[in-house]
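Have a look at the structure below, then the notes.
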Protein chains: 2
Amino acid sequence: MIGASKPVRIAHTLEADIRSGMLNRGDPLASESALVKRFSVSRNTIRKSLEILSSKGLITTKSGIGSFVTFDGKTIDDRSGWSVALASGDIRLETRVLALARGPIGISDAPTLDSSEFLVVDRLRFRAEDGEGVSLERSRVPWQDTFVGVLDEGLEAGSLTELLRSKGLIVAGGDEWAGVLPALSDADARLMQRRAGEPMLRLRRLTRGADGSVIEFVESILDPVMFGLHMEF
Amino acid sequence: MIGASKPVRIAHTLEADIRSGMLNRGDPLASESALVKRFSVSRNTIRKSLEILSSKGLITTKSGIGSFVTFDGKTIDDRSGWSVALASGDIRLETRVLALARGPIGISDAPTLDSSEFLVVDRLRFRAEDGEGVSLERSRVPWQDTFVGVLDEGLEAGSLTELLRSKGLIVAGGDEWAGVLPALSDADARLMQRRAGEPMLRLRRLTRGADGSVIEFVESILDPVMFGLHMEF
DNA sequence: TGTTCAAACCTGTTCATACCTGTACTTTTA
DNA sequence: TAAAAGTACAGGTATGAACAGGTTTGAACA
């Protein structure tokens, strides 16, 4: 990415916006003149960026109307350094919240954290077709009393990230580990409607705020056939 | 430095700017004409200085845009992508070069690359204790005739990275994928002295130069018990 | 109620300009 | 006589501006 032309660099950040799910399929992009302001470049440069995205099939642009996202969101999670990408795009996934509670961390081998109570969010993603789980995500956020409402009302817009942001928890950095979980446990296999003993992809992430305090610890167990990790640098 | 030519002295000054951290990785250098004014020399001289820096891998220069720092003063290894972390530290590892040759890519499912001939480097890392392989790394670099000597003399200092840098192949960006290899193949199992069918951690990396050309494609197959991927962000 | 029409905003296209590097060459200088 | 300076031109890149045409909206009007 070093030394790339402005259009390439801008196309790159717009692509990240799209792949991260910030912009969903069908959403309109900002107008060219708005992008001119956002990136402080000329409209010609913006147009070249859009042409790059268009040639990649990420957007289409309609005369007199604007540009629209035509990418159906293969990337599941891009909040941090790497992105979790679906290996095949033609699959409809649904999400179910398994747990939304206040409690202990309940994850073995988790890093030791200062807090002893957490906002516990467990989520399962599964194939709409046959109900087989493809990802199991356990998120733990050190408890704050401002979370009380969430337990009743549920996650705002379903997004934990949005919730944390609204509470002023801004991610400044963190660590991520990826590895192979040699064998799916019985309990998790039941939750995911899979066979126990299967090898799975395990992803762990610890995010911290600017002051170094822990914002969130997440463990994701992913179907290795469906998911891979991808990073562009 | 006394007695050195102007281009050398100027290159030296600029190198100090880069290594001191005054200029960071990715930053643009001043334009050639600006450097002409700064050092009160001709543009020819400046260009020679930049050529020196470029040959050292400190910068890359793009037509119509400028020169950019490609040197990261902080880390020895490329700061690109995930770092492969040993899970347990008490184990002595040895390395054996399985192949050092010129040939086709020979990796299934590899991304399509322009070149059809590659510098092939296969390396095995194994436990000194019992000889069990813990990582199998297949590196492929699009063939250049300047590689000829390497086939006889072996890798300089054992480092492929060093070789590439000495040939002016500077990494400016790339992609990395990680996933689970569900079952170790028979052939690889033999090479690694492991059981076939074991799940392994698979890491693939494609690095590119500033002009977008492919520098190296690497596939690593890692013992998931020994290795994890770690990233700090 | 239905039509017309102007305004606002969007993209499509082109072009002049400025500044950047790439290259080749001659002239000056130490 | 080699190093450095100077000159000239070609080609790549980004800017800013202008103008054309598509789309939507809403006010004015029949």
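Please read these numbers as outputs of a predicted model, since none were measured by experiment. So you know, we letter chains A, B, ... as the sequences are listed, proteins then strands, and number each from 1. Only this structure's heavy atoms are used, side chains among them; waters, hydrogens and symmetry mates stay out.
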Whole angstrom is fine here: how far is it from [atom1] in [X] over to [atom2] in [N]?
X: R9(B); N: dA3(D); atom1: CZ; atom2: P; answer: 13 Å
X: L50(B); N: dG22(C); atom1: CG; atom2: C1'; answer: 13 Å
X: K37(B); N: dA5(D); atom1: NZ; atom2: C1'; answer: 17 Å
X: L35(B); N: dT21(C); atom1: CG; atom2: C1'; answer: 12 Å
X: I46(B); N: dC20(C); atom1: CD1; atom2: P; answer: 13 Å
X: F39(A); N: dG16(D); atom1: CZ; atom2: P; answer: 16 Å
X: E51(A); N: dA14(D); atom1: CD; atom2: C1'; answer: 15 Å
X: R47(B); N: dA24(C); atom1: CZ; atom2: P; answer: 11 Å

Practice problem: Have a look at K48(A) and say if it touches a base, only the backbone sugar-phosphate, or nothing, with a 4.0 Å heavy-atom cut-off. | Solution: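 The residue K48(A) makes no contact with any strand.
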
[X], nearest nucleotide to its side chain (from [options]):
X: I65(A); options: dT14(C), dT21(C), dT23(D); result: dT23(D)
X: S42(A); options: dA4(D), dT15(D), dT23(D); result: dT15(D)
X: T45(A); options: dG11(D), dT11(C), dT15(D); result: dT15(D)
X: S5(A); options: dT21(C), dA14(D), dT11(C); result: dA14(D)
X: P7(A); options: dT11(C), dG22(C), dA14(D); result: dA14(D)
X: N44(A); options: dG12(C), dT21(C), dT15(D); result: dT15(D)

Quiz item: Hey, is D17(B) close enough to R38(B) for a salt bridge, meaning N to O under 4.0 Å?
Solution: yes

Quiz item: Below 4.0 angstrom, N of the basic side chain to O of the carboxylate: do K56(B) and E15(B) qualify?
Solution: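 Yes, charged N to carboxylate O under 4.0 Å.
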
Quiz item: Taking only N and O in the side chain of T61(B), is any of them less than 4.0 Å away from OP1 or OP2 of dC20(C)?
Solution: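 Checking T61(B) against dC20(C): no side-chain N or O falls below 4.0 Å of OP1 or OP2.
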
Quiz item: If you measure from CD on E137(A) to CZ on R205(A), what distance do you get to the nearest 0.5 Å?
Solution: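 Those atoms lie 7.0 Å apart.
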
Practice problem: Find the distance between CG (L58(A)) and CZ (R25(A)) and round it off to the nearest 0.5 Å. | Solution: 11.0 Å

Exercise. Between R43(B) and K6(B), just flag the one whose closest nucleotide in DNA chain D comes earlier from the 5' side.
Key: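 Its nucleotide being nearer the 5' end, the pick is K6(B).
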
Exercise. Measure across S139(B) and V218(B) and return the closest heavy-atom pair with its distance rounded to 0.1 Å.
Key: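 Closest heavy-atom pair between S139(B) and V218(B): OG-CG2, 4.0 Å.
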
